[in-house]
Amino acid sequence: MPQLALYTFGVLKAPLVDPSPLTREFYAAGEAVYGTIGRHPGYLARAEPAEGDRGVLFGADWGPWGQFAVPAWYDKGRTADTTALAATLSLWTGLRPAYDAVYTGLHRGALNRRHDWFERTGHTGHVLWWIPEGTVPTWQDGVSGLESLHDRGPAPDAFTFHRAFTPEGTATRAGDQAG
């Protein structure tokens with residue numbers, strides 16, 4: 001049975017190492033959200049570095065998730081002191097469980113604060129695509145999907161929650177999909 005990959009990407013207003021209260025709030029919210037999402041029905045896994053500190057994304061060992069990558073339009077830092085982005089890569093059993101995890105609970109609250117933490121870039125902040133069971137999506141897969149989505153709009157191989165597709169390539173709505 002196909003599984004759903006989800007890549008999210010946002011450009012932060014301040015580097016990850018910034019000691020401001022806003023950055024601390026972002027981290028506190030993120031830690032709570034990750035804990036909740038990790039227990040959400042339909043969640044399978046997310047990319048995590050084998051070892052690493054806050055802000056260490058580039059050059060970290062991501063194992064089967066591949067080398068960390070970002071969209072071509074990201075023009076901020078790439079060192080631990082200058083990186084100003086938040087990205088996730090996760091795997092789900094289906095569209096509805098992923099949608100519910102993103103648009104309810106703690107994550108919904110974080111979404112409501114996104115403009116406090118993230119720049120408005122004019123780019124979509126997430127992309128979804130179906131993969132065969134047993135496949136691990138890579139960071140580069142996510143970047144390629146996000147860039148494709150930006151360039152040509154939603155399609156069966158790169159779509160959003162609001163303009164989604166079934167594994168067979170039929171247009172659907174995330175809210176219409178069963179777990």
Side-chain angles (χ1 to χ4, degrees), residues 3-18 22-23 25-27 29-31 33-34 37-38 40 43-49 52-92 95 98-99 101-103 106-131 135-155 157-165 174:
Q3 296 175 330
L4 187 71
L6 167 60
Y7 172 73
T8 66
F9 185 83
V11 179
L12 293 165
K13 290 181 176 180
L16 291 167
V17 297
D18 182 59
L22 211 52
T23 303
E25 288 173 15
F26 172 75
Y27 269 117
E31 289 172 13
V33 166
Y34 284 139
I37 284 182
H40 196 278
Y43 169 85
L44 297 172
R46 75 177 171 102
E48 296 184 79
D53 298 317
R54 282 187 180 172
V56 178
L57 302 171
F58 298 93
D61 177 4
W62 294 91
W65 303 87
Q67 182 177 353
F68 188 76
V70 295
W73 46 266
Y74 173 73
D75 61 358
K76 291 197 173 184
R78 294 173 184 253
T79 67
D81 292 334
T82 61
T83 298
L85 65 90
T88 65
L89 180 58
S90 57
L91 194 56
W92 297 84
L95 191 56
Y99 178 87
V102 170
Y103 290 104
L106 288 177
H107 193 269
R108 178 71 214 172
L111 277 178
N112 290 340
R113 300 258 344 255
R114 68 186 175 275
H115 298 303
D116 293 341
W117 302 317
F118 293 96
E119 293 181 359
R120 295 177 192 223
T121 64
H123 294 269
T124 301
H126 75 280
V127 65
L128 302 141
W129 69 101
W130 294 101
I131 60 174
T135 302
V136 177
T138 67
W139 289 106
Q140 187 56 54
D141 295 337
V143 168
S144 296
L146 193 65
E147 290 175 341
S148 174
L149 181 63
H150 178 75
D151 292 344
R152 64 183 172 98
D157 63 338
F159 52 91
T160 67
F161 283 116
H162 301 293
R163 296 199 50 210
F165 291 84

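For reference, positions follow the sequence shown, starting with 1.
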_Distance-minimising heavy-atom pair for Leu85 and Leu57_ = CD1-CD1, 3.4 Å

*Distance, nearest 0.5 Å, that separates CH2 of Trp129 from CG of Leu149*: 11.0 Å

*What distance separates Lys13 NZ from Arg120 CZ, expressed to the nearest 0.5 Å?*
7.5 Å

*First locate atom CG of Asp61, then atom CD of Glu48, and finally report the distance between them rounded to the nearest 0.5 Å.*
12.5 Å

*Residues in ring-ring contact (aromatic ring centres under 6.0 Å, His included) contact with Phe165, at least two apart in sequence or another chain*: Phe159

*Applying side-chain hydrogen bond (donor to acceptor under 3.5 Å, both in side chains), name anything that partners Thr88, two or more places apart in sequence or on another chain.*
Thr8

*Contacts of type side chain to side chain contact (heavy atoms under 4.5 Å, CB included), residue Thr135, not counting sequence neighbours*: Ile131, Pro132

*ring-ring contact (aromatic ring centres under 6.0 Å, His included) with Phe26: which residues, sequence neighbours excluded?*
Trp117, Phe118

_Under the criterion side chain to side chain contact (heavy atoms under 4.5 Å, CB included), I'd like the reasoning laid out for Phe9 against Val143: C-alpha separation, chi angles, the key distance, then a yes or no._
CA-CA 9 Å; Phe9 185 83; Val143 168; over 6 Å; no

*Ser148 side chain vs Ser144 backbone, donor-acceptor pair below 3.5 Å*: no

*Under the criterion side-chain contact (heavy atoms from CB on, under 4.5 Å), which of Leu6, Leu4, Leu89 is the partner of Pro137?*
Leu89

*Nearest heavy atoms of Leu146 and Pro71, plus distance in Å*: CD2-CG, 3.8 Å

_With sequence neighbours excluded, residues passing ring-ring contact (aromatic ring centres under 6.0 Å, His included) with Tyr34_ = none

_Set of residues satisfying side-chain hydrogen bond (donor to acceptor under 3.5 Å, both in side chains) with respect to Asp116, sequence neighbours excluded_ = Arg113

*Do any pairs count as a salt bridge (Lys or Arg N to Asp or Glu O under 4.0 Å) and have a residue in residues 139-153, sequence neighbours left out, and if so which ones?*
Arg152-Asp157

*Which atom pair, heavy atoms only, marks the closest approach of Gly142 to Tyr7?*
O-CD2, 3.4 Å

*For residues 64-77, which residue pairs qualify under side chain to side chain donor-acceptor pair (under 3.5 Å), counting only residues two or more places apart or in two chains?*
Trp73-His123, Lys76-Glu119

*Heavy-atom closest contact (Ala14 atom, Thr23 atom, distance)*: CB-OG1, 4.1 Å

*Check Leu111 against Arg114 and note the closest heavy-atom contact, atom names and distance.*
O-NH1, 2.6 Å

*Measure the CD-CG distance between Glu31 and Leu106 for me, rounded to the nearest 0.5 Å.*
12.5 Å

_Close side-chain approach of Thr79 and Phe58, heavy atoms under 4.5 Å_ = no

*Who are the side chain to side chain contact (heavy atoms under 4.5 Å, CB included) partners of Leu44, not counting sequence neighbours?*
Gln3, Leu91, Thr93

*Sequence neighbours excluded, which residues qualify as side-chain hydrogen bond (donor to acceptor under 3.5 Å, both in side chains) partners of Thr160?*
none

*With a cut-off of 6.0 Å (strictly less than), are more than 12 heavy atoms of other residues, nucleotides or ligands near CZ of Arg46?*
yes

*asked:* If you compare all heavy atoms of His107 against all heavy atoms of Val102, which two are closest, and at what distance to 0.1 Å?
replied: ND1-O, 2.8 Å

*Using the test ring-ring contact (aromatic ring centres under 6.0 Å, His included), find all partners of Trp92 that sit at least two apart in sequence or belong to another chain.*
Tyr43

*Quick one: CG on Asp18 to CG on Asp81, what's the gap to the nearest 0.5 Å?*
11.5 Å

